[in-house]
There are 2 protein chains.
Amino acid sequence: MTGMSQGRDAARRATIADVAQAAGVSPSTASVVFSGKAPVADSTRERVLAVAAELGYAGPDPRAASLRRGRSGIVAVVLEGHLRTAFLDPVTTAMMDGVTDGLAGLGAGVLLLRDDTDAVAGAPTLASVPVDAVVLIGCSGRLHEDLDAVRARGVPAVVIEGDAGEGVPRIDLDNREAAAQLARHLRGLGHERVDVVTLPFDASRLRGLASPERIAAITVDVTRKRLDGVREEYPDARVVSAGGSSIDEGMIAGRTLLEQAEDRPTAIMAQSDLLAAGVIRAAEERGLRVPEDLSVTGFDGVVVDGLGDHVLTTVVQPAVGKGRAAGAAVARLLAGEQVESIVFTCRFREGTTTCAPSHGRASAP
Amino acid sequence: MTGMSQGRDAARRATIADVAQAAGVSPSTASVVFSGKAPVADSTRERVLAVAAELGYAGPDPRAASLRRGRSGIVAVVLEGHLRTAFLDPVTTAMMDGVTDGLAGLGAGVLLLRDDTDAVAGAPTLASVPVDAVVLIGCSGRLHEDLDAVRARGVPAVVIEGDAGEGVPRIDLDNREAAAQLARHLRGLGHERVDVVTLPFDASRLRGLASPERIAAITVDVTRKRLDGVREEYPDARVVSAGGSSIDEGMIAGRTLLEQAEDRPTAIMAQSDLLAAGVIRAAEERGLRVPEDLSVTGFDGVVVDGLGDHVLTTVVQPAVGKGRAAGAAVARLLAGEQVESIVFTCRFREGTTTCAPSHGRASAP
DNA sequence: TTGTAAGCGTTATCAT
DNA sequence: ATGATAACGCTTACAA
């Protein structure tokens, strides 16, 4: 009944205490050998390390360390909906990359958390997982709920492009001004008839030509701001909403706007590069040349796969930079510092998809 | 110096012990109220909850819970290279989605870990972060190193499409057979001249027409298997390697194969749907109609953005399923069960991009 | 149904 | 440079 059959000692993994004892040092000394937080005599270190290797001790258990230190080295990033959907958007991906970058310096990893309405029972939540901080992306419906949960725990949070509450630092973009800049570019080229393909207006993601009423009711912040920017210059632009940010959606929207040769615009402004790529395809499909017959602008400045040889005229948003800023903000928050919200600025980039409108009617196919 | 300025008691967050004491119950009872792992009298529960709310106690600290339970509820997923790159591939994204799905049932979250050669100093590692298990994706150079680190800690691991070591369950795909199936489809349609666009051969990602020597030296498992499958049927196919899995890469490769009208193939088999989409664009760019003048097949069966109205003839791999399987495998591993490796099977899907070759020379533009 | 008590494995602090 | 000691906040046998 004792010894063998019980086998407790044999099965148990070695702890730092075991190593310390076997090496004939105190646990604190052994701890320091692994953390390097205080000077240790070389001979001592070697002895401890040797014993550790012998005992198969692979270093301090992060679970125990995180309890003691009060830090887990994990930062949660909350995304809306399925990963598949979230990561379809290259901007999100780039941002995530920036976040991991910004956090790596801190030694923290990124934990992906979904913010579905239909969460699986037992799924990990902000409350169930040991996170040091939280980055919330986008304006999820759950945002405020999440923020409350997080605040109750005293976990610092940063919101990227969403309506944060009191005292939560935001990372934002000058969506309106950037869009206006693109519009002014087209105006400068001489365009009068300019239409817009927008991101979704709201959760319904309704597609199609939008009435003034629908436009007035846009709830997605990014969509509204970018549209407002365009309308500073072209208040009468026709507006078609897409069902998402993708090439195929852009193609559908582009077809709608290019349907009738009579009131065809000389330029189409898309609210994302992906949508712009789709618009270009819709134009080419009708035999229109870009930019000679139709100028097209995008938004984001991401690398769009499938754009072929075109270089999109667009505004480049610092997506990775936004992520990094979020990471950095988290770092400062964890250091107990005050953090201000930041607004990032887009940079105009002229490509090969815009030029002066051809005079008279565009050469219809 | 005392009281106010010190403020220890005031600043400290309430613990479950504080709640228990204030509610006049024992810590264990309070614990059970939150975990629900044992019956508690309604009146007791309510009292505890009320006190908790009053004290601003938001539930047990996951850090402490994870030490005590020996589980953190976190599973690391190790990806190769930058997230930007990894998530550019829709298959990876879908797989990740499956992993989160499979793990959600377990109540575990997904921690993203990069496996760069050039890791930032202080970046989180498998050793520094409290993970219950690890999922390794792809055949990174670091794979074996990672596996050793993980094994030393007694952390269970699963490998998706990579060369796992002893006793590590793998999640695999019938790459060779699926490719062969596509080849047989083309043979059945009557194609004799079939060429191939492959994924990268190795870390160098060299582009272009491949010599037999280069082909013999392919190190990427997936590339080799899919190519072997094709060569069962078409041993003399010309092979062009792409620099990655993307539409633009497919377009470049497609141009290479379609350059000379004289020895143009009647069908091109691409090793991914993205590459296939690029090949189609390269064909259309030359005025070739798909499938009349050129049949094109893909691999993966993912939704390709920017494919327009074509439906790709391809083999559908259960990417989400693979991820789920990895999640499930992890769950069983954590339950102490033995887990076998699994090989997933692709399903052939006939689309609109293949048909019998047109007789005589294809209508050259 | 509730309470008692014993850790989980580490690290920070303060002596020595 | 090293050691003793006390937490970190929680969970779970087991006892009552």
Side-chain angles (χ1 to χ4, degrees), chain A residues 8-9 11-48 51-52 55-73 127-132 153-155, chain B residues 8-9 11-48 51-52 55-73 127-132 153-155:
Chain A
R8 250 200 79 167
D9 296 345
R12 210 176 105 264
R13 295 201 80 75
T15 72
I16 203 171
D18 299 330
V19 173
Q21 186 172 19
V25 300
S26 75
S28 44
T29 302
S31 174
V32 166
V33 166
F34 288 103
S35 73
K37 291 210 171 162
V40 182
D42 282 356
S43 60
T44 312
R45 186 195 350 276
E46 276 162 36
R47 191 150 31 93
V48 170
V51 169
L55 265 51
Y57 179 75
D61 177 346
R63 273 180 286 261
S66 77
L67 170 58
R68 176 60 233 223
R69 289 218 251 249
R71 288 280 163 83
S72 64
S128 68
V129 141
V131 293
D132 295 340
R153 284 183 175 274
V155 173
Chain B
R8 250 203 80 167
D9 295 346
R12 209 176 106 265
R13 298 201 78 76
T15 71
I16 203 171
D18 299 330
V19 173
Q21 186 172 19
V25 300
S26 77
S28 52
T29 302
S31 175
V32 165
V33 166
F34 288 104
S35 74
K37 293 214 170 160
V40 183
D42 283 355
S43 61
T44 312
R45 188 197 347 279
E46 276 163 35
R47 190 151 32 92
V48 170
V51 170
L55 264 48
Y57 179 75
D61 178 345
R63 270 180 288 261
S66 76
L67 171 57
R68 177 58 233 237
R69 291 218 252 248
R71 287 280 162 84
S72 64
S128 68
V129 142
V131 295
D132 295 340
R153 285 186 173 274
V155 174

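So you know, we letter chains A, B, ... as the sequences are listed, proteins then strands, and number each from 1. If you're wondering where the values come from, they're calculated on a predicted model, not measured in any experiment.
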Scan nucleotides 10-15 of chain D nucleotide by nucleotide, 5' to 3', and note B when protein non-hydrogen atoms come under 4.0 Å of the base, S if they reach only the sugar-phosphate, - if neither. BBB---
Could you tell me how far apart [X] ([atom1]) and [N] ([atom2]) are, to the nearest whole angstrom?
| X | N | atom1 | atom2 | result |
| --- | --- | --- | --- | --- |
| B:Gln21 | D:dG9 | CD | C1' | 15 Å |
| A:Arg45 | D:dT2 | CZ | C1' | 14 Å |
| B:Arg12 | D:dA7 | CZ | C1' | 11 Å |
| B:Arg63 | C:dG9 | CZ | P | 19 Å |
| B:Arg13 | D:dC8 | CZ | P | 15 Å |
| B:Leu67 | D:dC8 | CG | C1' | 9 Å |

On a heavy-atom basis, which atom in A:Ser72 and which in A:Pro130 lie closest, and how many Å separate them?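 Nearest heavy atoms, A:Ser72 then A:Pro130: OG-O, 2.5 Å.
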side-chain contact (heavy atoms from CB on, under 4.5 Å), paired with A:Val48, selected from A:Ile16, A:Val19, A:Val40, A:Val32: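 Exactly one pass, corresponding to A:Val19.
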Look at all strands and tell whether B:Ser66 reaches a base, only sugar-phosphate, or nothing, counting heavy atoms closer than 4.0 Å.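 Result for B:Ser66 = nothing.
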What is the bend of the helix from C:dT1-D:dA16 to C:dT16-D:dA1 when you compare the axis at one end with the axis at the other, using five pairs each and rounding to 10°?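 Axis-to-axis angle, ends of the helix: 20°.
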With side chains defined as the heavy atoms from C-beta onward, is the minimum distance between A:Pro62 and B:Arg153 less than 4.5 Å?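 The answer is yes; the side chains approach within 4.5 Å.
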Does anything in residues 57-66 of chain B pair up under side chain to side chain donor-acceptor pair (under 3.5 Å), and if so which pairs, sequence neighbours excluded?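 For residues 57-66 of chain B, and leaving out neighbouring residues, the side chain to side chain donor-acceptor pair (under 3.5 Å) pairs sorted by first residue read A:Asp132-B:Arg63.
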State the OG-CZ distance between A:Ser35 and A:Arg69, to the nearest 0.5 angstrom.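 So the OG of A:Ser35 and the CZ of A:Arg69 are separated by 7.0 Å.
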